[in-house]
Amino acid sequence: MASGHSRIGIIGTGAIGGFYGLMLARAGQDVHFLLRSEYAAVTARGLRVESQVHGALQLDSVQAYRQAADMPPCDWLFVAAKTTSNAALAPAIVQAAAPGAKVVLLQNGLGVEDALRPLLRDDMHLLGGLCAICAHRAEPGVVVHQALGAVNLGYHTGPADAEQRQRIVDEGVALFRAAGIDSTGMPSLAQARWMKLIWNAAFNGLSVLLDADTRTLLRNDDSRELVRLVMQEVEGAAQACGYTLPPAITEKMLQGTAAMPDYLPSMYHDRRAHRPMELEAIYAVPLAQAAQAGYAMPRTEVLYRALCFLDAAAQPPG
Ligand SMILES: NC(=O)C1=CN([C@@H]2O[C@H](COP(=O)(O)OP(=O)(O)OC[C@H]3O[C@@H](n4cnc5c(N)ncnc54)[C@H](OP(=O)(O)O)[C@@H]3O)[C@@H](O)[C@H]2O)C=CC1
Ligand SMILES: CC(C)(CO)C(=O)C(=O)O
């Protein structure tokens with residue numbers, strides 16, 4: 001039912017877009033979903049989230065679109081496609097944006113806002129949203145939500161002074177909280193992106209290379225050591241780039257992961273489906289930023305090169 005004050009657009013309705021879009025719609029927000037391969041399934045059967053946290057959730061009547069040109073102008077746009085699609089999706093994001101729209105990249109990795117910013121209009125605000133969640137697509141229109149769910153928001157760039165930026169972040173946080181989702185504003189988006197990267201750089205790539213979920217990676221002494229070594233290297237890189245991190249962050253993340261259910265990161269699903277992997281945002285940009293700061297990341301670079309090999313072999317030539 002559309003009774004919210006802001007109009008919300010979901011750009012890319014997969015695991016993240018499907019989950020958060022459905023939660024916002026159930027809370028009474030006016031949510032419009034841009035879809036591609038799952039458009040027919042979602043218009044026929046609605047969106048379903050099989051959540052191990054909230055139970056089985058169903059949105060029967062989905063405001064679904066194949067093209068951004070058909071969407072009404074949206075005040076908030078949550079971009080939940082993979083980062084590999086951002087440049088191609090930029091015209092759609094601009095088309096769906098109301099004047100002064102807030103665009104939030106619900107994506108992993110570094111540098112994603114920097115890359116998209118020049119492709120947006122000057123009146124648009126750009127934010128990052130870091131999702132701490134375990135979710136994947138099970139079949140068209142069906143998302144499995146295994147654990148967690150928080151979204152933390154940070155302002156990147158746009159036509160706002162410090163006070164207005166804070167107000168926008170608070171408004172976004174309030175949207176999620178009203179939908180039953182934990183959310184907090186982040187004073188430094190770049191610091192928060194580096195911190196999350198400690199987890200993603202290690203587990204995403206190693207899950208692909210070793211064909212293993214998080215529990216399997218942590219159970220074996222050798223793979224657990226590999227995970228730890230990559231995490232420590234990314235932690236060191238973040239510090240070399242000038243970001244202060246909480247003490248013992250790698251150990252805390254390892255403990256947190258051991259308490260999670262068996263989880264296959266989204267890069268694992270991309271590899272299995274022969275989709276491009278998010279190698280630029282999760283590896284290439286951090287390696288470049290660390291190199292700029294004079295910090296070498298040899299373990300992460302080995303991981304990155306091996307993943308590039310697999311990625312190239314998975315893509316059609318040309
Ligand atoms: N899954 C998770 O638990 C977590 C994911 N993340 C991050 O969130 C982001 C999204 O990941 P996730 O939800 O797993 O990804 P998914 O692959 O599940 O979803 C991406 C969606 O974007 C759609 N899409 C891509 N291009 C277009 C286009 N041109 N037009 C319309 N739709 C398009 C895809 O459609 P199609 O089916 O046609 O390809 C798909 O539905 C990533 O950056 C990921 O790293 C962060 C934390 C946890
Ligand atoms: C790290 C994790 C599992 C939870 O914070 C996640 O959000 C991700 O897969 O990117």
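Whatever order the structure lists them in is the order used to number ligands and atoms, beginning at 1.
Of all non-hydrogen atoms in Gly141 and Val42, the two that sit nearest each other are CA-CG2, 3.7 Å.
No path of Ile, Leu, Val, Met, Phe, Trp and Tyr side chains, each step under 4.5 Å between heavy atoms, connects Val53 with Ile181, placing them in separate hydrophobic clusters. Met297 and Leu307 fall within the same hydrophobic cluster, defined by Ile, Leu, Val, Met, Phe, Trp and Tyr side-chain heavy atoms under 4.5 Å apart, directly or through other members. Met231 and Val285 end up in the same hydrophobic cluster when Ile, Leu, Val, Met, Phe, Trp and Tyr side chains are linked at under 4.5 Å.
Taking distance alone, with nitrogen or oxygen atoms compared against 3.5 Å, Ile16 approaches ligand 1 more closely than that limit. Remark: ligand 1 and His136 share no N or O pair separated by less than 3.5 Å (distance only, no angle test). For ligand 1, the polar-atom distance check against Ile133 finds a nitrogen or oxygen pair separated by under 3.5 Å. Residue Gly14 has at least one N or O atom closer than 3.5 Å to an N or O atom of ligand 1.
What sits closest to atom 2 (C) of ligand 2 on the protein, heavy atoms only, is Ile133 O, 4.1 Å. Among protein heavy atoms, the minimum distance from atom 10 (O) of ligand 2 is reached at Lys196 NZ, 2.6 Å. Atom 2 (C) of ligand 1 has as its closest protein heavy atom Ala135 O, 3.4 Å. The protein atom (non-hydrogen) at minimum distance from atom 3 (C) of ligand 2 is Tyr263 CE2, 3.3 Å. Here the protein heavy atom with the shortest distance to atom 7 (C) of ligand 1 is Asn108 ND2, 3.6 Å.
Listed by number with element, the atoms of ligand 1 under 4.0 angstrom from any heavy atom of Leu106 are 8 (O), 9 (C). Proximity to Ser266 (heavy-atom distance under 4.0 Å) selects the following atoms of ligand 1: 1 (N), 14 (O), 44 (C), 45 (O). Within ligand 1, the atoms closer than 4.0 Å to a non-hydrogen atom of Thr13 are 41 (O), numbered from 1 in the order shown. Taking a cut-off of under 4.0 Å to the non-hydrogen atoms of Ala132, the atoms of ligand 2 that pass are 5 (O), 7 (O). Close approach of ligand 1 to Cys134 is summarised as follows: ligand atoms under 4.0 Å from at least one heavy atom of the residue are 3 (O). Residue Tyr263 has at least one heavy-atom neighbour below 4.0 Å for each of these atoms of ligand 1: 2 (C), 3 (O). Shown in contact with Leu89 at under 4.0 Å from a heavy atom are these atoms of ligand 1, numbered in order with element: 28 (C), 29 (N), 30 (N).
A distance-only check finds a donor-acceptor pair linking the side chain of Asn152 to the backbone of Thr184 [under 3.5 Å].
Nearest residue to atom 44 (C) of ligand 1 from Glu278, Gln67, Gln107 is Glu278 (criterion: closest heavy atom). Here the shortest heavy-atom distance to atom 11 (O) of ligand 1, taken over Arg137, Lys82, Lys196, Arg66, belongs to Lys82. Scanning Gly149, Gly17, Ala80 for the heavy atom closest to atom 20 (C) of ligand 1 points to Ala80. Taking each of Arg36, His269, Glu38 in turn, the one with a heavy atom nearest to atom 27 (C) of ligand 1 proves to be Arg36. In this structure, of Cys131, Ser37, Ala15, Pro91, the residue bringing a heavy atom nearest to atom 36 (P) of ligand 1 is Ser37.
The shortest heavy-atom distance from Tyr20 to ligand 1 is not under 4.0 Å.
Note: Tyr304 and Tyr283 have parallel aromatic rings, judged against thresholds of 30 and 60 degrees for the angle between ring planes. The aromatic rings of His54 and His145 sit parallel to each other, their planes meeting at less than 30°, with 60° as the upper class boundary.
Neither the backbone nor the side chain of Pro265 comes within contact range of ligand 2; no heavy atom lies under 4.0 Å. By the criterion of a heavy-atom distance under 4.0 Å, neither the backbone nor the side chain of Ser266 is placed next to ligand 2. Residue Asn204 does not touch ligand 2, judged by heavy-atom distances below 4.0 Å.
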